[in-house]
2 protein chains.
Amino acid sequence: MKKKDEYRIVEKELTRFLQANGLRKTPERYAILKEIYCHHGHFNVEALYDSMIRKKYRVSKATVYNTIEILIACGLVRRHHFDESQAYYEKSYFDSQHDHLLLDEGEVIEFCDPRIELIKKELEKTNGVEIYRHSLLFYGRKKNNHS
Amino acid sequence: MKKKDEYRIVEKELTRFLQANGLRKTPERYAILKEIYCHHGHFNVEALYDSMIRKKYRVSKATVYNTIEILIACGLVRRHHFDESQAYYEKSYFDSQHDHLLLDEGEVIEFCDPRIELIKKELEKTNGVEIYRHSLLFYGRKKNNHS
DNA sequence: TTCATTGCAAAGCGTTTGCAGTCAC
DNA sequence: GTGACTGCAAACGCTTTGCAATGAA
């Protein structure tokens, strides 16, 4: 699907969410959504903010933080905590849930393993709980082939 | 095993590590190790620091942070990032690796599932990498039985 | 008109750093 | 005696908050 078509869909989704929750449809919110869906991969607030400023779109970081919270609430963005200090985000509407393998070299490999779902189901049954989210991270490095 | 016997063992382990790496055997380092191994469960730096101050042991937070880094390096302590903002720690010498299920109610349930190891092995083979660590967190809440 | 939202700057909070003084070796 | 380590306070980096001005409804 083209970026433009994707945006048309998520834009509608945001409108629906804002209306349903009595929130205002401000231009900043749509601009931030557009910026996020124009790119791919993971980003942090700094990068998103810089990218918009570079395009001469005047936003404040406070608004970026605030808007991302809304986008997470309506399922258009996912948040990750790869390293300890800062949050990373990615658009989530057209991708299915996946986990990450982080390499020391900087590369991020996404994967999806059905066994996670099995572990989750078992934990739910064993502990009488309802699990609504999980985070699985593997940390590794490229293998030295001649060793 | 008694707390005292446990401490005697990890104390030796720390001494070995400090000597092997040309680091000094300062009283603060042993005091912090002792404080950690006197308790069980997860703790953050604030709690550890407060606990030592309450016992009239004079330490600085800088030293606590510095020492924990050493204890992690020699395998006596593990670090977790349960929530976004702050790190939690736990003693690790006598426990095997395990993962966590965090409940909204505040409870932390530890579990261990062999399938994680299988996923890890598969990822290593598929991507030609060596995985040295992982973090798996499930987030849930107690189930409402009459629903 | 009204009040949710914005931008800005200041505050918060866990963690790290700089540095003079201390103490393990 | 020497330099690794300590305590203290200031700096840091990301995020949140307070507040006056703005603009969506």
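Quick caveat, the model's predicted, so the values are computed rather than measured. Protein chains get the first letters and strands the later ones, always in sequence-line order, with residue 1 at the start of each.
Helix-axis bend for the helix from dT1(C)-dA25(D) to dC25(C)-dG1(D): the local axis fitted to the five terminal pairs at one end deviates from that at the other end by 30°, rounded to 10°.
In this structure, I70(A) places its CD1 atom 12 Å from C1' of dT6(C), rounding to the nearest Å. When the P atom of dA4(D) is taken as reference, atom CG of N21(B) falls 14 Å away, rounded to whole Å. Per the geometry, CZ belonging to R58(A) stands 7 Å off P belonging to dG7(C), to the nearest Å. Remark: P of dC14(D) and CZ of F82(A) are 16 Å apart, rounded to the nearest angstrom.
Under the 4.0 Å criterion applied to side-chain N and carboxylate O atoms, R8(A) and D5(A) are assigned as salt-bridge partners.
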With a 3.5 Å cut-off and sequence neighbours excluded, list the donor-acceptor pairs that the side chains of residues 47-55 of chain B form with protein atoms.
{"residue": "S51(B)", "atom": "OG", "partner": "E35(B)", "partner atom": "OE2", "Å": "2.5"}
{"residue": "K55(B)", "atom": "NZ", "partner": "E35(B)", "partner atom": "OE1", "Å": "3.0"}
{"residue": "K55(B)", "atom": "NZ", "partner": "E35(B)", "partner atom": "OE2", "Å": "3.1"}

Could you pull out every donor-acceptor pair under 3.5 Å between side chains of residues 58-71 of chain B and any protein atom, sequence neighbours left out?
{"residue": "S60(B)", "atom": "OG", "partner": "T63(B)", "partner atom": "N", "Å": "3.2"}
{"residue": "S60(B)", "atom": "OG", "partner": "T63(B)", "partner atom": "OG1", "Å": "3.1"}
{"residue": "K61(B)", "atom": "NZ", "partner": "E46(B)", "partner atom": "OE1", "Å": "2.7"}
{"residue": "T67(B)", "atom": "OG1", "partner": "T63(B)", "partner atom": "O", "Å": "2.8"}
{"residue": "E69(B)", "atom": "OE2", "partner": "R79(B)", "partner atom": "NH2", "Å": "2.7"}

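With sequence neighbours excluded, no residue forms a ring-ring contact (aromatic ring centres under 6.0 Å, His included) with H39(A). With sequence neighbours excluded, no residue forms a salt bridge (Lys or Arg N to Asp or Glu O under 4.0 Å) with E6(A). Remark: N127(A) engages no residue in a side-chain hydrogen bond (donor to acceptor under 3.5 Å, both in side chains) (not counting sequence neighbours). Applying the salt bridge (Lys or Arg N to Asp or Glu O under 4.0 Å) criterion to E11(B), with sequence neighbours excluded, gives no partner residue. Partners of E110(A) by salt bridge (Lys or Arg N to Asp or Glu O under 4.0 Å), not counting sequence neighbours: none found.
Residue pairs meeting the ring-ring contact (aromatic ring centres under 6.0 Å, His included) criterion with at least one partner in residues 110-143 of chain B, sequence neighbours excluded, are H134(A)-F138(B), F138(A)-H134(B), F111(B)-F138(B). Residue pairs meeting the side chain to side chain donor-acceptor pair (under 3.5 Å) criterion with at least one partner in residues 17-29 of chain B, sequence neighbours excluded, do not occur; the list is empty.
For the OP1/OP2 pair of dT6(C) and a distance below 4.0 Å, the side-chain nitrogens and oxygens of N66(A) include at least one atom meeting the criterion. Phosphate contact (OP1/OP2 of dT6(D), side-chain N/O of R29(B), threshold under 4.0 Å): present.
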**Item:** Chi angles and distances behind the side chain to side chain contact (heavy atoms under 4.5 Å, CB included) call for L76(A), E13(A)
**Value:** CA-CA 8 Å; L76(A) 294 172; E13(A) 186 60 25; 3.9 Å; yes
Can you pull every protein N or O that's under 3.5 Å from an N or O on nucleotides 14-19 of chain C?
{"residue": "dT15(C)", "atom": "OP1", "partner": "A87(B)", "partner atom": "N", "Å": "2.9"}
{"residue": "dT15(C)", "atom": "OP2", "partner": "Y65(B)", "partner atom": "OH", "Å": "2.6"}
{"residue": "dT15(C)", "atom": "O5'", "partner": "Y65(B)", "partner atom": "OH", "Å": "3.2"}

**Prompt:** Just by protein heavy atoms under 4.0 Å, how would nucleotides 19-25 of chain D read 5' to 3' in B, S and -?
**Reply:** ----BBS
